[in-house]
*Asks:* 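The structure's right below; bear with me while I get my questions together.
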Amino acid sequence: MKLLENTSFEAMNSQLTIETGDSRIIGRIESYSCKMAGDDKQMFKQFCQDGQPHVLEALSPPQTTGISPNRLSKSQSGDEGEGPLCDKCSRKTLFYLIATLNASFRPDYDFSTAKSHEFSKEPSLNWVVNAVNTSLFSAVGEEFNTLKPQLWDAIDEEICLSECDIYSYNPDLDSDPYGEEGSLWSFNYFFYNKKLKRIVFFTCRSLSGYLYSQGTETSNNFDMDLEDDTLLSQDEDEDEAIEETRYQAVCV
């Protein structure tokens, strides 16, 4: 999957990092081409060993809220046959979704073993728009009303929303890249335009403001300790140089 340059998305991503006091919102929108090359072709070949591209894979039903941590209705063992399943997609489409996750989160995460039950097909564009708007407005407040039209206009211009199938990634806690302590909610949506052979990936999460500030403070203290150690080392080097100069002078 090739990341496509989009200046509107780059500008939007900077606006989707928002401090609210109670939480920190981190959003990201990226556009990917589905035209495979190099590593993608090799990965797709391996992926197809478990089933041909046209074979349909069962997906999980959409979540009621559209965001985690409302997890999938399936057994604790994670067996794919457990829990209600609805909708299907071809293995080729499933590959595109997995490859998009890999491209977006590399090198920190590898989703190559993700299963179809971790994905859902969303019922409609309006449903997804309302879910996203509700999540962001509840976190950001009135400030989001200014951002909202720019956000959806930018996505529509890139992918033509009316022509898209929309999928979401709803993993269990063990597979969730946003499953760390302090994560309040998250969503991962794929807007797939088959005609354009393109996917727009919209991922967003909310972090606890308290835990984030604690982490930032710890990081700042660590940086200060490193700076102090560096200055101390420099002072020691200077002292050694002075002593060496004095010794040479005495010898002369």
Side-chain angles (χ1 to χ4, degrees), residues 1-18 25-44 47 53 59 62 66-68 89-112 114 118-133 135-136 140 144 146-171 176-178 186-206:
M1 304 292 284
K2 179 182 179 182
L3 178 64
L4 303 176
E5 184 176 346
N6 186 304
T7 55
S8 296
F9 283 0
E10 292 173 5
M12 188 59 58
N13 289 343
S14 65
Q15 296 182 66
L16 285 171
T17 300
I18 307 168
I25 309 302
I26 305 172
R28 178 161 45 94
I29 312 173
E30 297 169 333
S31 181
Y32 290 93
S33 169
C34 295
K35 296 178 181 177
M36 289 183 281
D39 293 342
D40 286 331
K41 286 186 177 180
Q42 183 62 30
M43 181 180 171
F44 183 63
F47 187 77
L59 307 175
I67 59 174
S68 57
C89 74
S90 69
R91 282 187 61 79
K92 189 171 186 179
T93 298
L94 179 61
F95 171 81
Y96 288 150
L97 302 181
I98 293 173
T100 298
L101 288 172
N102 278 334
S104 184
F105 288 97
R106 73 163 54 108
D108 299 318
Y109 297 93
D110 182 4
F111 300 88
S112 300
E118 298 178 76
F119 297 87
S120 304
K121 186 174 182 180
E122 302 306 320
S124 70
L125 171 60
N126 286 338
W127 191 95
V128 172
V129 170
N130 288 335
V132 170
N133 289 348
S135 298
L136 291 177
V140 179
F144 178 65
T146 303
L147 183 63
K148 179 169 61 177
Q150 303 173 34
L151 169 69
W152 294 110
D153 284 348
I155 295 176
D156 189 38
E157 183 177 345
E158 175 68 10
I159 200 69
C160 190
L161 287 169
S162 62
E163 297 179 359
C164 289
D165 289 327
I166 307 174
Y167 299 89
S168 62
Y169 177 59
N170 307 296
D176 193 347
Y178 299 146
S186 64
F187 60 71
N188 303 280
Y189 288 114
F190 308 81
F191 301 88
Y192 174 38
N193 189 315
K194 193 172 183 179
K195 293 180 181 178
L196 295 178
K197 296 183 178 180
R198 185 181 302 170
I199 288 177
V200 164
F201 180 52
F202 186 5
T203 180
C204 187
R205 60 175 168 163
S206 174

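Please read these numbers as outputs of a predicted model, since none were measured by experiment.
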*Asks:* Does the plane of the ring in Phe47 sit parallel, tilted or perpendicular to the ring in Phe95? Use 30° and 60° as the thresholds.
*Replies:*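 Plane angle between 30° and 60°, so tilted.
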
*Asks:* The test is side chain to side chain contact (heavy atoms under 4.5 Å, CB included); show your working for Ile199 and Cys34 and say whether it passes.
*Replies:* CA-CA 7 Å; Ile199 288 177; Cys34 295; 3.8 Å; yes

*Asks:* Show the nearest heavy-atom pair for residues Pro62 and Pro123, with the distance to one decimal.
*Replies:*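 Nearest pair, atom of Pro62 first, then Pro123: CG-CD, 3.7 Å.
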
*Asks:* Quick check for you: to the nearest 0.5 Å, what is the distance between Lys35 atom NZ and Lys2 atom NZ?
*Replies:*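 Spacing of NZ (Lys35) from NZ (Lys2) equals 9.5 Å.
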
*Asks:* May I ask you to test the Phe144-Leu151 pair for a side-chain heavy-atom distance under 4.5 Å?
*Replies:*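 When only atoms from C-beta onward are counted, Leu151 and Phe144 do touch, with a gap below 4.5 Å.
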
*Asks:* Any chance the side chains of Ser124 and Asn126 put a donor and an acceptor closer than 3.5 Å?
*Replies:*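 Result is no, nothing qualifies.
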
*Asks:* How about Glu157: does its CD atom have over 12 heavy atoms from other parts shown lying under 6.0 Å from it?
*Replies:*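 Result for CD/Glu157: open.
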
*Asks:* Do the rings of Tyr192 and Tyr167 sit parallel, tilted or perpendicular, given the 30° and 60° boundaries?
*Replies:*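 If you compare the ring of Tyr192 with that of Tyr167, the planes turn out tilted.
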
*Asks:* Show the nearest heavy-atom pair for residues Met36 and Lys92, with the distance to one decimal.
*Replies:*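 It is CE-CE, 4.5 Å.
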
*Asks:* Within the distance-only criterion (no hydrogens, no angle test), does the side chain of Thr17 pair as donor or acceptor with the backbone N or O of Ser14 below 3.5 angstrom?
*Replies:*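 Such a contact is absent between Thr17 side chain and Ser14 backbone.
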
*Asks:* Is the backbone of Pro171 close enough, under 3.5 Å, to the side chain of Asp176 for a donor and an acceptor to pair up by distance?
*Replies:*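 No.
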
*Asks:* What distance do Arg28 atom CZ and Phe202 atom CZ have between them, rounded to the nearest 0.5 Å?
*Replies:*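 Here the rounded value is 11.0 Å.
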
*Asks:* Please round to the nearest 0.5 Å and tell me the distance separating atom CG of Leu97 and atom CG of Asn102.
*Replies:*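 Reported value, rounded in 0.5 Å steps: 11.5 Å.
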
*Asks:* Any donor and acceptor pair, going by atom type alone, linking the side chain of Asn193 with main-chain N or O of Leu161 inside 3.5 Å?
*Replies:*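 Side chain of Asn193 to backbone of Leu161, a donor-acceptor pair under 3.5 Å: no, none is there.
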
*Asks:* Take a 6.0 Å sphere around CG of Asn130 and say whether it holds more than 12 heavy atoms from other residues, nucleotides or ligands.
*Replies:*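 Count over threshold, so yes.
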
*Asks:* Donor-acceptor check, side chain of Arg205 to backbone of Pro177, threshold 3.5 angstrom: yes or no?
*Replies:*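 Checking the backbone N and O of Pro177 against the side chain of Arg205, no donor-acceptor pair under 3.5 Å is found.
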
*Asks:* I need the Lys194 NZ to Thr93 OG1 distance, nearest 0.5 Å.
*Replies:*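 Rounded to the nearest 0.5 Å, the NZ-OG1 separation comes to 6.0 Å.
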
*Asks:* Nearest 0.5 Å, please: how far is CG in Leu196 from SG in Cys160?
*Replies:*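 Interatomic distance, Cys160 SG to Leu196 CG, rounded to 0.5 Å: 7.0 Å.
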
*Asks:* Using side-chain heavy atoms (C-beta onward) and a distance below 4.5 Å, is Ile29 in contact with Glu158?
*Replies:*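 Sidechains of Glu158 and Ile29: no contact.
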
*Asks:* Carefully, step by step, assess Ser31 and Ile159 under the rule side chain to side chain contact (heavy atoms under 4.5 Å, CB included).
*Replies:* CA-CA 8 Å; Ser31 181; Ile159 200 69; 5.6 Å; no

*Asks:* Shortest non-hydrogen contact from Ser8 to Asn6?
*Replies:*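 It is N-OD1, 3.0 Å.
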
*Asks:* Rounded to the nearest 0.5 Å, what separation is found between the CG atom of Asn188 and the CD atom of Glu118?
*Replies:*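 Between Asn188 CG and Glu118 CD, I get 11.5 Å after rounding to 0.5 Å.
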
*Asks:* Please assess Cys204 against Ile25 for the test side chain to side chain contact (heavy atoms under 4.5 Å, CB included), listing each intermediate value before the final yes or no.
*Replies:* CA-CA 7 Å; Cys204 187; Ile25 309 302; 3.7 Å; yes

*Asks:* To check you understand the geometry: which heavy-atom pair defines the closest contact between Cys89 and Leu59, and what is its length?
*Replies:*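 Of all heavy-atom pairs spanning Cys89 and Leu59, the closest is SG-CD2, 3.8 Å.
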
*Asks:* For residues Tyr96 and Phe190, establish whether the separation of their ring centroids is below 6.0 Å.
*Replies:*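 No; Phe190 has its ring centre 6.0 Å or more from that of Tyr96.
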
*Asks:* Only one of Phe111, Tyr169, Tyr189 forms a ring pair (Phe, Tyr, Trp, His ring centres under 6.0 Å) with Phe119, so which one is it?
*Replies:*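 Filter result, single survivor: Tyr169.
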
*Asks:* Assess whether a salt bridge exists between Lys121 and Asp165, defined as any Lys/Arg side-chain N lying under 4.0 Å from an Asp/Glu carboxylate O.
*Replies:*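 Yes, Lys121 and Asp165 are salt-bridged.
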
*Asks:* Trp127 vs Ile166, test: side chain to side chain contact (heavy atoms under 4.5 Å, CB included). Steps then yes/no.
*Replies:* CA-CA 10 Å; Trp127 191 95; Ile166 307 174; over 6 Å; no

*Asks:* Please report the shortest heavy-atom distance between Ile18 and Gln15, naming the atom on each side.
*Replies:*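 Between these two residues, the closest heavy atoms are CG1-O, 3.2 Å.
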
*Asks:* So Leu16 and Leu147, do their side chains get closer than 4.5 Å, heavy atoms only?
*Replies:*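 Of all side-chain heavy-atom pairs linking Leu16 with Leu147, at least one is under 4.5 Å.
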
